[in-house]
Amino acid sequence: MLDMSWGEVMLIGGVALIVIGPKDLPKALRTVGQITSKLRRMAGEFQMQFNEAIREAELDEVRREVDGIRNTVRTAGSTFNPVQTIRDELKGAVEGRTKIGPEKLGPEMPAPEARSLADATAQLKAEQEAAAPVQATEQPAAEPAHPIPQAAPEVPLPVPGSVDDPFGPPPEPSATHQPPEDPKNGAAVR
């Protein structure tokens, strides 16, 4: 209770019996019990409200953190689109304008002109014919120190047991298996 021993409780009860009297003592004890229960109830409510205020403060802090994360994701989501980034990189690579950092890898290619397949083929043949005479006038290169072996002509492999087989036909299995005989006395060797 309030750290009172039984002796102290008996002393307080005796004083209350003398001061209040035996007739009004039960009514006074009931009133003291009601006041004590009201004080406990008020203390419990205060403690609940205090704990609730602390939880709300923590929840507000957590809510602020979650809202900050949501805002970060929204701003990052609108500026970073991985599909669009990959699409732009592929388009740049196809067009020959791949970017690395602030500088480019070589001169920018002009926009491709719309031309037909026949025109492109004719231009490619003309470039190959122009390059062919240049290759013919070049001096032959020195022979390498190790000559490159030429591939042997394909020769069909012999079928095992055929006439072409270098190992000959397989031995004929004997109808009955007999153990070898000893040449001295003609008895079977075991």
Side-chain angles (χ1 to χ4, degrees), residues 1-128 130-131 144-146 148-149 151 154 157 160 190:
M1 223 154 121
L2 297 173
D3 252 357
M4 296 190 323
S5 65
W6 285 104
E8 293 173 348
V9 171
M10 293 294 281
L11 180 67
I12 292 172
V15 171
L17 184 62
I18 294 172
V19 173
I20 297 173
K23 201 177 195 183
D24 295 328
L25 187 61
K27 197 184 271 184
L29 288 176
R30 193 177 309 120
T31 307
V32 169
Q34 288 173 354
I35 291 172
T36 307
S37 66
K38 283 182 183 179
L39 286 174
R40 284 185 182 174
R41 208 176 309 127
M42 287 174 34
E45 287 177 8
F46 175 75
Q47 190 174 7
M48 282 180 23
Q49 289 176 353
F50 185 74
N51 289 339
E52 188 176 323
I54 289 174
R55 273 189 251 132
E56 285 179 6
E58 289 174 358
L59 287 177
D60 287 343
E61 190 175 313
V62 170
R63 283 183 191 139
R64 277 188 245 123
E65 289 177 9
V66 169
D67 288 341
I69 292 170
R70 283 184 186 157
N71 291 338
T72 304
V73 168
R74 283 186 194 135
T75 57
S78 64
T79 59
F80 178 69
N81 184 354
V83 174
Q84 185 64 36
T85 305
I86 292 171
R87 186 179 297 143
D88 292 343
E89 288 179 5
L90 288 174
K91 187 176 181 182
V94 167
E95 292 177 357
R97 295 181 288 149
T98 306
K99 294 181 181 179
I100 296 180
E103 69 277 350
K104 294 182 180 179
L105 286 177
E108 188 172 318
M109 300 286 290
E113 300 172 11
R115 55 184 176 166
S116 68
L117 182 60
D119 293 341
T121 307
Q123 182 181 1
L124 183 61
K125 283 183 181 179
E127 289 174 0
Q128 288 176 348
H146 303 287
I148 300 172
E154 282 193 38
L157 296 175
R190 290 185 188 227

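Atom set for the values below is all heavy atoms of this structure, side chains included, hydrogens, waters and symmetry mates excluded.
- No more than 12 heavy atoms of other residues, nucleotides or ligands sit less than 6.0 Å from atom CD of Gln47.
- Note: Leu124 CG to Gln128 CD = 4.5 Å, rounded to the nearest 0.5 Å.
- A heavy-atom distance below 4.5 Å is not found between the side chains of Met48 and Glu45.
- With contacts defined as side-chain heavy-atom distances shorter than 4.5 Å, the pair Asp60/Arg63 qualifies.
- Here the CD atom belonging to Glu56 is positioned 11.0 Å from the CD1 atom belonging to Ile54, to the nearest 0.5 angstrom.
- Annotation: the span from Ile69 atom CD1 to Arg64 atom CZ amounts to 13.5 Å, rounded to 0.5 Å.
- Taking CG from Leu17 and CG from Asp24, the interatomic distance works out to 11.0 Å, rounded to the nearest 0.5 Å.
- With values rounded to the nearest 0.5 angstrom, Phe46 atom CZ is found 10.0 Å from Asn51 atom CG.
- To the nearest 0.5 angstrom, Arg30 atom CZ is 10.5 Å from Leu25 atom CG.
- Considering only heavy atoms from C-beta on, Ile20 stays 4.5 Å or farther from Lys27 through its side chain.
- Taking all atoms of both residues into account, the shortest heavy-atom contact from Gln84 to Arg87 is OE1-NH1, 3.1 Å.
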